[in-house]
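In what follows, a single structure is set out as structure tokens and then discussed.
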Amino acid sequence: MVNNIYIAKIFNEYADLIEIEGANRFHVNAYRNAAYNILNLPKSVEDMIREGRDLTEIPGIGKELAEKISKIVETGSFPKFEELTGRMPLELIEITKIRGLGPMRTASLYKELGIKSIKELEKAAAEARIRSLRGFDSKLGQAIIEGIKQREVAKKRFKLSLAQSIAQPLVEYLKACEGVKEEEIAGSYRRGRETVGDLDIRAVPQVSYGAALCYFTGSKEHNVALRQLALEKGYEYLAVSDHSKRLTVARGLNIERLARQIGEIDILNEKLDGIVLLKSIEVDINTRSSHRENGKHEGAL
DNA sequence: AGGCTGTACTG
DNA sequence: CAGTAC
DNA sequence: GCCT
DNA sequence: TGCTG
DNA sequence: CAGCA
């Protein structure tokens, strides 16, 4: 049985290998993107084929990849992948995952020193042999040795509950630190994922807090989509439409915070060139409200 | 044909 | 500037 | 390689 | 409308 | 998507 996970894995491995080989990066990315989409498909690709569906319907899958998927489902692999794995060790991919070692340096290690496994890498690093390569120095060599040790530990994800028990005291500590105005744990932790890979700590100037929080909360796919949309829109305007206090799960704005947000946006509009910030708030209309209190900020909006 | 997220850090 | 990480 |  | 770049 | 048949 060839499931989606398997297909995605093959594509990811293929992407890694051709990347080490020096393939065009967009080309590489097409495979990664395809793998991602297949992995998140609510339907089994195998079933789709059985039903005679066109695999090209899957986002990120074109004629070429549809063909390769068919081959994978039929035979468990596809010709180019077989050819590649016959020529390159799959373990190079593991090397790629060590901090500081991307596709280029991995390729260099392989070509120049014949390093094709973590074991060999560890040995070469310990013997300071890798320093001879361009782009390597003793500091990187040390980092690699550390990275190999850390590798096993780092690749495990934690359950959210465990992450919380670690994050909570961390936040308390940060709060007490000099110069810390606001703090929040971002990433998959903030998105409430079931498991969390790490807790990134990052300090930014206060003016960047909002943007940084958006970016570091992610996910990566969200960020990519968000920016692509912004690009398509040509940066003409950006709308900030918040919730009122009624929506407690979103920590909606009360009158005071709304006023402050309006002020902030007005100031930004003065400074910004080429993009207009729009502002609004989504509210409930209560038939019995006087409309006077709530209308206070209508003009500003 | 032409774009594909965008930026900081490190060697 | 190239390579890498996020 | 895929997408517009 | 369908194909090409 | 723009350009073209």
Side-chain angles (χ1 to χ4, degrees), chain A residues 7-8 10-12 14-38 41 54-72 78 80-81 84 93 95-112 125 130-144 146-147 150-151 154-155 185-191 196-205 208 211-235 238 275:
Chain A
I7 298 171
I10 298 266
F11 278 169
N12 271 325
Y14 187 70
D16 288 344
L17 289 178
I18 62 175
E19 187 178 35
I20 293 169
E21 232 191 4
N24 175 293
R25 61 193 178 110
F26 296 112
H27 196 136
V28 174
N29 215 269
Y31 278 91
R32 299 220 169 102
N33 187 41
Y36 177 82
N37 283 122
I38 289 170
L41 208 60
D54 183 3
L55 299 182
T56 279
E57 293 169 20
I58 304 169
I61 304 295
K63 197 175 159 228
E64 197 74 17
L65 288 184
E67 185 59 37
K68 291 191 164 87
I69 292 174
S70 296
K71 275 273 190 287
I72 294 173
F78 63 93
K80 284 246 176 82
F81 183 70
L84 208 54
I93 295 174
I95 295 180
T96 271
K97 289 175 185 160
I98 296 165
R99 284 207 158 209
L101 295 183
M104 299 279 199
R105 305 219 251 244
T106 298
S108 163
L109 287 166
Y110 181 50
K111 282 174 68 178
E112 311 293 327
I130 61 174
R131 256 186 299 177
S132 56
L133 268 47
R134 199 176 103 77
F136 290 81
D137 62 2
S138 57
K139 188 177 167 192
L140 181 58
Q142 202 49 48
I144 288 172
E146 278 304 304
Q150 278 245 305
R151 202 174 62 101
K155 79 180 176 187
I185 307 239
S188 55
Y189 180 93
R190 184 156 184 257
R191 298 201 305 278
V196 172
D198 59 6
L199 300 173
D200 280 335
I201 302 195
R202 183 163 312 242
V204 300
S208 311
L213 189 55
C214 176
Y215 175 79
F216 289 109
T217 297
S219 67
K220 179 186 165 204
E221 285 72 25
H222 173 78
N223 285 336
V224 169
L226 188 67
R227 285 175 175 162
Q228 193 150 29
L229 280 171
L231 272 180
E232 285 165 12
K233 296 290 180 193
Y235 293 110
L238 176 71
I275 181 165

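Throughout, protein chains are lettered first and strands after them, A, B, ... in sequence-line order, and every chain is numbered starting at 1. Values reported hereafter were calculated over all heavy atoms of this structure, with side chains retained and with hydrogens, waters and symmetry mates removed. Quick caveat, the model's predicted, so the values are computed rather than measured.
Comparing the same atom, C1', in E:dT4 and in B:dA1 gives a spacing of 9 Å after rounding to whole Å. Taking the C1' atoms as reference points, F:dC4 lies 25 Å from D:dG1, given to the whole Å.
Among the atoms of the strands shown, only primed sugar atoms or phosphate atoms (P, OP1, OP2) are found under 4.0 Å from some heavy atom of A:Y31. The residue A:N29 sits apart from the nucleic acid: no heavy atom pair falls under 4.0 Å.
In this structure, the CG atom of A:D137 is 14 Å from the C1' atom of B:dC9, given to the nearest Å. Between the CG atom of A:L140 and the P atom of B:dC9 there is a distance of 18 Å, rounded to whole Å. Note: CD1 (A:I58) to C1' (D:dG1) measures 15 Å, nearest angstrom. Atom-to-atom, CZ of A:R32 to P of D:dC3 comes out at 18 Å; the value is rounded to the nearest Å. Between A:Y215 atom OH and B:dG6 atom C1' there is a gap of 7 Å when expressed in whole angstrom units. Here B:dT5 presents its C1' atom at 13 Å from CZ of A:F216, a figure rounded to the nearest Å. Atom-to-atom, CZ of A:R25 to C1' of B:dG2 comes out at 14 Å; the value is rounded to the nearest Å. Regarding A:I61, its CD1 atom lies at a distance of 14 Å from the P atom of D:dT4, rounded to whole Å.
In summary, of the residues considered (A:R32, A:R25, A:H27), a side-chain hydrogen bond (donor to acceptor under 3.5 Å, both in side chains) with A:E19 occurs for A:R32 alone.
Counting heavy atoms from C-beta on, the side chains of A:F78 and A:I10 come closer than 4.5 Å. When side chains are defined from C-beta on, A:E21 counts as touching A:L84, because their heavy atoms get closer than 4.5 Å. Side chains of A:P103 and A:D16 form no contact here, defined as non-hydrogen atoms less than 4.5 Å apart.
With both pairing distances under 3.5 Å, F:dG3 is matched to E:dC3 as a Watson-Crick or G-U wobble pair. Using Watson-Crick or G-U wobble geometry with both donor-acceptor distances under 3.5 Å, B:dG3 finds its partner in D:dC2.
Distances shown here put every side-chain N or O of A:K63 at or beyond 4.0 Å from the OP1 or OP2 atom of D:dC2.
Every residue meeting the salt bridge (Lys or Arg N to Asp or Glu O under 4.0 Å) condition with A:E146, not counting sequence neighbours, appears here in chain and number order: A:K149. Considering only residues two or more places apart in sequence or on other chains, A:E67 meets the salt bridge (Lys or Arg N to Asp or Glu O under 4.0 Å) condition with none of them.
In this structure, the nucleotide among B:dT10, D:dG1, B:dG6 sitting nearest to the side chain of A:K139 is B:dT10.
With ring centers used as reference points, A:F11 lies 6.0 Å or more from A:F81.
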Please list, for nucleotides 1-5 of chain C, all pairs of protein and nucleotide N/O atoms separated by less than 3.5 Å.
{"residue": "C:dT4", "atom": "OP1", "partner": "A:G102", "partner atom": "N", "Å": "2.9"}
{"residue": "C:dT4", "atom": "OP1", "partner": "A:G102", "partner atom": "O", "Å": "3.3"}
{"residue": "C:dT4", "atom": "OP1", "partner": "A:M104", "partner atom": "N", "Å": "3.4"}
{"residue": "C:dT4", "atom": "OP1", "partner": "A:R105", "partner atom": "N", "Å": "2.8"}
{"residue": "C:dT4", "atom": "OP2", "partner": "A:M104", "partner atom": "N", "Å": "3.2"}
{"residue": "C:dA5", "atom": "OP1", "partner": "A:I98", "partner atom": "O", "Å": "3.3"}
{"residue": "C:dA5", "atom": "OP1", "partner": "A:G100", "partner atom": "N", "Å": "2.8"}

